Amino acid sequence: MTEYNHREIEKKWQKFWEDNQTYKTKIDPSKPKYYVLDMFPYPSGAGLHVGHPLGYIASDIISRYKRLKGFNVLHPMGFDSFGLPAEQYAIQTGQHPAITTEQNINTFISQLKNIGFSYDWSRKIRTSDPNYYKWTQWIFMQLFNHYYDRTADKALPISHLVEQFAQGGSAAVNAVCDEDITEFSAEEWKAMSEKEQQLVLLKYRFTFPEESYVNWCPGLGTVLSNDEVKDGVSERGGFPVERKLMKQWAMRITAYADRLLNGLDTIDWPEPLKEQQRNWIGRSQGASVKFAVEGQDKLIEVFTTRVDTIYGVSFMVLAPEHEWATELTTADQQADVEAYIKWAASRSEVDRMAEKKVSGVFTGSYCINPFSGEKVPIYLADYVLAGYGTGAVMGVPSGDQRDWNFATNFGLPIIPILDTQKDTDQQADNTKEGHYINSGIINGMTYQEATDTLIKWLEERKLGKGKVQYRLRNAVFSRQRYWGEPVPAYFKDGVPYLIDEADLPLELPKIDKYLPTETGEPPLGRAEGWKYKGEYDYELSTMPGWAGSSWYWYRYMDPQNNEAFASKEAIDYWQRIDFYLGGSEHATGHLLYSRFWNKFLKDLGLVPHEEFAAKLVNQGMIQGVSEFAYCLKKESFIFKETLKGKELVIPTLHGEEGIITLTDEIQELFFSADMIDELKRKYPSFEFYVQRLPVNHIVNNEANIGNMIFRNSFRYRDSIFVVKNGWWNAGGANPEFSNSDLKAAKFLTYSEVEKMSKSKLNVINPDDIVEKYGADTLRMYEMFLGPLTDAKPWNTNGISGTSNFLRKFWRLFFEDQTGKSKLVDAEPTADELKVLHRTIKRVEEDIERYSFNTVVSTFMIGVNELSDLKCHKKAILKEMVILLSPYAPHITEELWTEALKYPKGTLSAVKYPEGKSHPEAKFPVFEPKYLVESSFEYPIQINGKVRANIAFPVDMSKEDIEQGVLANDTVQKWLEGKAPKKVVVVPKRIVNVVL
RNA sequence: GCGGGCGUGGCGAAAUUGGUAGACGUACCAGACUUAGGAUCUGGCGCUGCAAGGCAUGGGGGUUCGAGUCCCUCCGCCCGCACCA
């Protein structure tokens with residue numbers, strides 16, 4: 001082999017790893033375990049783009065590094081293969097989603113293998129595989145069969161609940177349940193029919209069907225969970241979402257609200273992500289207060305975080321959807337109220353958020369403030385949300401700006417309640433400082449005294465209590481789709497029952513079309529004769545996407561097991577994820593649901609940890625650079641030819657007219673950058689007449705025209721365009737172009753950084769990079785781009801640097817032309833050892849703190865220095881090979897076997913599954929001997945007091961400093977330039993500075 | 001509005017604890033070699049200045065012998081949450 005040929009080498013070693021099952025992992029109690037996991041991808045039809053591998057490369061480096069450190073590493077990969085795109089493709093083409101999914105998975109696998117990941121592919125899983133979703137269904141059944149017992153503070157079997165009901169009725173039970181539970185005695189329980197009992201139990205089960213308002217997305221024909229809705233439209237597809245009352249399965253995640261919150265303090269996850277989860281759970285401490293309705297036997301309960309402001313209440317507001325809204329309406333207000341409710345219901349989430357105007361309507365009824373006994377009017381207003389708290393709010397205009405706005409609008413009194421409140425007739429003041437006024441029993445008290453007094457008063461009279469409210473709501477668990485896990489439940493007499501465990505998996509039936517039925521039932525309604533025991537109707541909706549991903553890390557531990565989701569032995573050994581890597585977009589979806597299911601499984605004693613992933617890192621997104629040009633919209637087409645070279649009259653949106661002189665720069669409908677700026681500045685509405693046209697640029701950002709090379713250019717409709725604000729050829733300056741081909745180059749495009757996606761024509765396929773530069777270069781370059789956690793645009797410009805580095809490394813081993821080995825057996829010099837040891841130290845430290853980009857720099861520096869030293873010594877280079885192997889596994893395997901002539905496959909410890917590894921094949925151990933000379937840290941004394949430590953440069957000798965001689969003039973210069981006048985170096989490593 | 005983060009050369013970025021700011025890589029300039037190439041090697045490259053030097057980490061102020069790093073303030077950018085009572 002003469003030159004570094006990445007194509008040959010990578011093919012060879014990938015085949016070797018596959019043939020030898022190099023990365024197959026087994027339980028090995030003699031070694032410490034380490035579990036590295038990537039969030040598994042949805043296998044979309046578009047295949048991988050360069051953004052996907054970023055995290056995979058980092059986790060692969062961690063895996064290979066940990067293996068070299070002697071850990072038994074579990075590093076699997078699989079596919080979250082249920083999902084919408086495959087189903088929509090099925091609707092369009094009639095092809096079964098399983099087929100599409102299978103094809104996509106194969107594409108993904110081959111792309112992943114191209115990059116040389118050390119996955120144990122024998123542990124591959126797919127959530128859409130019946131052998132996998134059997135266990136998703138099994139966990140669902142456990143959820144159905146358990147409830148949350150507050151006394152035990154954990155999940156317990158429903159059978160335990162039934163026993164307690166039989167013994168002491170509902171009073172005997174302290175459990176998480178629906179709000180609308182009615183009390184019953186043990187005798188009443190026993191007297192209930194089977195159906196009645198089941199309906200009661202549903203109010204306790206972790207998963208249960210219920211009528212509830214859901215986010216219905218007509219565009220997708222399904223419901224969405226809160227985290228799948230962004231700004232009132234669906235996250236996927238951007239279709240409008242409306243609120244609709246539907247029968248849905250729900251998951252009682254709220255039972256774990258406190259544990260989900262507290263658990264965050266025990267895990268090493270990014271702080272912003274934890275904060276997002278805390279917000280999502282939204283714990284707020286306050287009180288509930290019951291207001292009696294005048295003339296009716298009703299108590300309106302409100303939740304407030306400021307019960308201390310109770311004497312400032314001047315009105316009561318209910319959400320328009322509140323169940324008592326109509327009952328509280330008096331006859332003369334009926335028309336107004338009905339109109340308001342109707343109007344409020346018609347408004348979408350988006351309207352509601354966009355419109356800040358105060359709206360509301362008086363019901364005609366009044367309620368009584370339990371403290372003051374005062375009568376306050378009851379309103380309906382859509383600033384109160386039906387879904388949070390009780391759907392009712394006490395209005396305190398002096399202390400809350402929204403209440404203030406409402407009160408001002410409807411002419412309601414504003415009562416100041418603290419002596420420190422200012423200008424409450426101008427705006428609300430939410431201060432907690434000062435002493436209460438106008439406030440009955442709390443007059444003169446401070447905030448904490450007042451709150452305690454009021455809550456005590458309420459609790460004594462059973463008119464309220466201290467209460468903790470969560471923003472977190474139960475998760476909707478039904479999707480009206482085909483391509484998901486069937487729910488293993490059937491209905492008898494309107495009550496849901498689980499199918500027999502022996503009947504798992506409940507497989508997806510074949511259907512002829514993938515659309516909902518004519519009657520509006522989910523696609524599974526089309527399955528002919530699909531009934532449990534031929535008799536009972538199955539649940540027709542399927543599970544949401546997050547079901548299969550909420551426990552998958554356990555399946556990798558024991559993927560083929562047919563008796564359990566994973567054997568006890570496997571779970572006991574692998575425990576949990578040590579290093580989990582994925583995008584932050586899963587903060588309130590996958591990562592919250594997974595924590596919930598894991599806690600549930602922990603309560604059942606099936607898994608050992610309360611939290612499933614000890615460490616989590618969010619990799620930043622690699623964005624695409626979208627090139628686009630502006631052109632006139634079709635409607636504006638007439639301007640092009642007729643008005644070229646003339647003063648162009650541009651009509652604007654608002655009817656006025658503008659004039660601009662068009663030059664030759666307008667051709668082919670495109671506008672130059674200068675023109676766009678000018679037009680935009682002059683005519684703000686100009687944008688209305690132009691459209692953004694995405695253009696596909698040439699892969700390597702170069703184009704050949706005649707004998708000139710243009711970089712950063714793109715091709716569109718056979719014309720070459722030069723990107724951004726200028727163009728140049730190899731010569732640099734702006735030449736005049738006479739060639740007619742080049743005229744188009746005068747048109748400049750814009751570029752924007754945005755998410756990589758097929759529709760934006762900005763996708764870079766890693767296969768192309770691998771083909772051109774090799775997988776090792778891709779791996780190193782992606783790490784070199786910047787900190788792992790930062791979002792960054794893909795930019796191929798710098799890739800030659802890492803490519804050159806690998807070639808340079810190669811040349812340390814071989815003669816360029818002859819292919820002869822350059823390696824020698826001579827003893828390394830101190831300089832050579834210094835380079836090696838410094839590299840080892842930095843690489844180790846940087847990998848441990850996940851600073852993958854600086855590791856690449858360290859390699860480059862090391863190799864440059866070894867080149868300068870003309871160091872071709874085996875003793876040095878074999879350690880460099882091991883050191884580099886996590887980053888560039890192919891070239892290092894090749895160099896090891898070819899140049900270092902060790903037996904094949906001794907590079908990494910994992911090659912010897914029987915536990916034997918070559919003595920040399922360990923990660924090099926840091927040997928401080930040669931590092932001492934690279935830098936010193938000395939404490940520096942100023943006027944007798946140690947003020948700082950100084951790191952002295954490499955080329956200053958230890959003796960010089962200790963003898964008080966400053967040999968190095970850089971240090972001297974630096975110190976003299978600053979405040980100290982004289983520097984004295986004293987023995988015992990103290991530098992004494994005299995001012 | 002609330003919460004979190006960030007701001008360093010033409011560009012991506014280093015600087016682990018307050019201690020020579022800009023490592024490393026790109027891009028660019030000059031040169032060497034030459035089988036003319038998108039190869040390799042050498043030198044240069046924050047700004048300013050002939051130089052010595054001076055000025056530089058968004059602006060201003062502070063603490064310190066010493067600040068990219070800590071504190072205050074203003075400006076700008078990004079992310080998350082948002083009628084949550």
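No experiment lies behind these values; they were computed from the predicted model shown. Throughout, a chain's letter reflects where its sequence line sits, starting with A, and its residues are numbered from 1. Excluded from the calculations below are hydrogen atoms, water molecules and symmetry mates; all remaining heavy atoms, backbone and side chain alike, are included.
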query: Between B/rA13 atom C1' and A/M783 atom CE, what is the distance in whole Å?
result: 15 Å
task: Sticking with atom C1', work out how far B/rA23 lies from B/rG59, rounded to a whole angstrom.
output: 28 Å
Listed pairs, N/O of protein and of nucleotides 8-12 of chain B, under 3.5 Å:
{"unit_1": "B/rG12", "atom_1": "O2'", "unit_2": "A/L785", "atom_2": "O", "d": "2.5"}

query: Touch check for A/E845, heavy atoms < 4.0 angstrom, all strands: base, sugar-phosphate only, or nothing?
result: base
message: Ignoring hydrogens, what is the shortest heavy-atom contact between A/K465 and A/I455? Give both atom names and the distance.
response: C-CG2, 4.3 Å
message: If I pick the C1' atom on B/rA39 and the same atom on B/rC77, what distance separates them, to the nearest angstrom?
response: 42 Å
message: Looking only at the side chain of A/R807 (C-beta and beyond, no hydrogens), which of the listed nucleotides B/rC41, B/rG25, B/rA39 gets closest?
response: B/rA39
- prompt: With A/F852, which residues qualify under ring pair (Phe, Tyr, Trp, His ring centres under 6.0 Å), at least two apart?
  reply: none
message: Could you tell me how far B/rA56 sits from B/rC47 if I compare only their P atoms? Round to whole Å.
response: 16 Å
- prompt: If you check the A/R849 side chain, which of B/rA85, B/rC41, B/rA15 turns out closest?
  reply: B/rA15
message: Heavy atoms only, 4.0 Å cut-off, all strands: where does A/D403 land among base, sugar-phosphate and nothing?
response: nothing
query: For A/D308 and B/rA85, what is the distance between atoms CG and P respectively, to the nearest whole Å?
result: 14 Å
query: Taking atom C1' in both B/rG61 and B/rA67, what distance in whole Å separates the two?
result: 14 Å
message: Using atom C1' in both nucleotides, what's the gap between B/rC65 and B/rG18 to the nearest angstrom?
response: 12 Å
message: Just the rounded figure in Å: distance from C1' of B/rG1 to CG of A/N279.
response: 14 Å
field: Non-hydrogen atoms of A/F410 and A/G360 that approach each other most closely
entry: CZ-O, 3.4 Å
query: When we call it a touch if two heavy atoms are under 4.0 Å apart, what does A/D846 touch: a base, just sugar-phosphate, or nothing?
result: nothing
message: Suppose you measure atom C1' in B/rG68 against the same atom in B/rC6; what distance do you get, rounded to whole Å?
response: 13 Å
message: I'd like the C1' distance from B/rG49 over to B/rG5, given in whole Å.
response: 40 Å
- prompt: Under 4.0 angstrom, heavy atoms only, what part of the nucleic acid is A/K274 near: base, sugar-phosphate, or nothing?
  reply: nothing
- line: chi for B/rG9 classified (syn = within 90 degrees of 0, anti otherwise) as syn
message: What is the separation between atom CG on A/L385 and atom P on B/rC81, rounded to the nearest whole Å?
response: 16 Å
Separation of atom CE in A/M860 from atom P in B/rA14, rounded to whole Å: 14 Å
query: Considering only the C1' atoms, how many Å lie between B/rG54 and B/rC50, rounded to the nearest integer?
result: 15 Å
- prompt: Between A/D258 and A/Y470, do the side chains contain an N or O donor and an N or O acceptor separated by less than 3.5 Å?
  reply: yes
Aromatic ring pairing A/Y781/A/F784, orientation class (parallel under 30°, perpendicular over 60°, tilted between): tilted
- prompt: Rounded to whole angstroms, how far apart are CZ on A/F805 and C1' on B/rG25?
  reply: 12 Å
field: Stepwise salt bridge (Lys or Arg N to Asp or Glu O under 4.0 Å) check, A/R306 with A/D308
entry: CA-CA 5 Å; A/R306 289 295 301 274; A/D308 59 299; 2.9 Å; yes
Residue list, ring pair (Phe, Tyr, Trp, His ring centres under 6.0 Å) with A/Y447, at least two apart or on another chain: none
message: Measure CG/A/N804 against P/B/rU42 and give the value in whole Å, please.
response: 13 Å
field: Sugar-phosphate, base or nothing in reach of A/N405, heavy atoms under 4.0 Å
entry: nothing
message: Donor-acceptor check, side chain of A/Q277 to backbone of A/A587, threshold 3.5 angstrom: yes or no?
response: yes
